Number of protein chains: 2
Amino acid sequence: MTQVNIDLIAENLITIHPLLFKSISRPLRHQSSITPGGMFVMGYLKHYGTLSMSDIGKCLSMAKPHITVIVDKLIEEGYVERQSDPADRRIVNILLTEKGLADFETIKQVVSENLKSKLLLLNEDELEILSLATEQVKGILISILSKE
Amino acid sequence: MTQVNIDLIAENLITIHPLLFKSISRPLRHQSSITPGGMFVMGYLKHYGTLSMSDIGKCLSMAKPHITVIVDKLIEEGYVERQSDPADRRIVNILLTEKGLADFETIKQVVSENLKSKLLLLNEDELEILSLATEQVKGILISILSKE
DNA sequence: ATGAATAGTTATACTTTTGTAACCATTACG
DNA sequence: CGTAATGGTTACAAAAGTATAACTATTCAT
């Protein structure tokens, strides 16, 4: 019975994934210069404040060389900066710049516009349900999927 | 106040997106021969039964040439087939083969294993909440995001 | 009937993502 | 100390996704 729930949840998440891909990653490409990968990295930096290159890789299950590429591009645009860790000089910590934080919020707003234009089709009850439901999904998924 | 809800929902969805990307698209690459794009297409075919090339493009907001590439690859693997529309001979309808349907379900199961191993960390109450919440998010997002 | 519009493919170029191996610097451990 | 392990970068190759233009075939509309 728990098993049934888990299968159902997995199935639901697999169905939700392409809907978000279409409604978030796609508008991102059209309305900003930032790549989905860069956006993901900035989202984690916003949440955690500072992350090492390896930490970012673990968050997104991406290989370290790919993280280097993404971070290089973000630095080029002035969105993040490298800081060497005084305690362990092998480690490079990444953090958002002020510009990065500001532009991240702006880009989120722009992408939100697409979503919001669709959400306006819903009635008050549906919005209420979706508001609570997305909050719950977000909270629980973060707790089990965000690290490692 | 409705405005507040909508912004919150958009923000939540933007946060959920990379979590699903990591937990679904990534394992897909490692544990199957199918690409995320191909998986998305098969998911829509499973849901709608039959779709024209243009319909698929609208579902995923992808350009038609890209759909051609994806479908060519799916045909190569025997997962889908083309059928010319008798009513309008310009239209090419795509549908899952038996093998495509079977393998799609298998791949979903495999990808689910990753998710499920994480979901097992949750207690009964959280599973109950997540089950209902994902069901609601899925239903509402399909209603407003799937077509066009 | 002819021109415009639609559906799809082909071709091409480019960006992003993915994967692997080799390499340097630093730290950890015997 | 010397060797292994870790963190990160570089270099390279290949796959996937993105975008646009040109083209064929078919249908639509006047």
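Everything quoted here is computed from the prediction, not taken from an experiment. The sequence lines fix the lettering, A, B, ..., with proteins before strands; numbering per chain opens at 1.
- Following rounding to the nearest Å, A:M62 (CE) and D:dG8 (C1') show an atom-to-atom distance of 17 Å.
- Applying the salt bridge (Lys or Arg N to Asp or Glu O under 4.0 Å) test to A:D85 and every residue at least two apart in sequence or in another chain returns nothing.
- What you find for A:S23 and A:L115 is that their closest heavy atoms are CB-CD2, 3.8 Å.
- Closest approach of A:I16 to B:T134, counting heavy atoms only: CD1-O, 3.8 Å.
- Taking atom CG on A:L28 and atom C1' on D:dG17, their separation rounds to 14 Å, with Å as the unit.
- The interatomic distance linking A:I70 (CD1) with D:dG8 (C1') rounds to 15 Å, in whole Å.
- In this structure, the NE2 atom of A:H30 is 12 Å from the C1' atom of D:dT20, given to the nearest Å.
- Comparing the helix axis at one end of the helix from C:dA1-D:dT30 to C:dG30-D:dC1 with that at the other, each defined from 5 consecutive pairs, gives an inter-axis angle of 20° (nearest 10°).
- Dashed line: the shortest gap from a side-chain N or O of B:K73 to OP1 or OP2 of D:dA16 is under 4.0 Å.
- Side-chain contact check for A:Q83 and A:N93: no donor-acceptor pair (N or O, by modelled atom type) lies under 3.5 Å.
- A:I67 places its CD1 atom 15 Å from the P atom of D:dT10, with the value rounded to the nearest Å.
- Residue order along DNA chain C, read from the 5' end via each residue's closest nucleotide, puts A:G37 first among A:P65 and A:G37.
- The closest side-chain donor-acceptor pair between B:D55 and B:S52 falls under 3.5 angstrom.
- For D:dG17, one of the phosphate oxygens OP1 or OP2 lies less than 4.0 angstrom from a side-chain nitrogen or oxygen of B:T35.
- Within the 4.0 Å cut-off from OP1 or OP2 of D:dG8, at least one side-chain nitrogen or oxygen of A:S54 is found.
- Checked against a 6.0 Å centroid threshold, the rings of A:F21 and B:F40 count as neighbours.
- Projected onto DNA chain C by closest heavy-atom contact, B:D88 and B:H66 fall at different nucleotides, the more 5' of which corresponds to B:D88.
- Taking the nucleotide of DNA chain D with the nearest heavy atom to each of A:M53 and A:R29, the more 5' of the two is matched to A:M53.
- Between the CG atom of A:D85 and the P atom of D:dG8 there is a distance of 9 Å, given to the nearest Å.
- Of all nucleotides in DNA chain C having an atom under 4.0 Å from a heavy atom of chain A, the first and last in 5' to 3' order are C:dT16 to C:dT27.
- In this structure the side chain of B:K22 reaches within 4.5 angstrom of the side chain of A:S61, judged on heavy atoms.
- Listed here is the closest heavy atom pair of B:M39 and B:I34: N-CD1, 3.9 Å.
- Look at A:T68 and you won't find any side-chain N or O under 4.0 angstrom from OP1 or OP2 of D:dG8.
- With distances taken from any side-chain atom of A:R90 to the nucleotides D:dA16, D:dG7, D:dT10, the minimum falls on D:dG7.
- When only modelled atom types and interatomic distance are considered, B:Q31 and B:N114 share a side-chain donor-acceptor pair under 3.5 Å.
- Shown here for B:S131 and A:N12, the closest heavy-atom pair between the two residues is O-ND2, 4.0 Å.
- Per the geometry, CZ belonging to B:R89 stands 5 Å off P belonging to D:dT26, to the nearest Å.
- Rounded to an integer number of Å, the gap from CG of B:L60 to C1' of D:dG17 is 12 Å.
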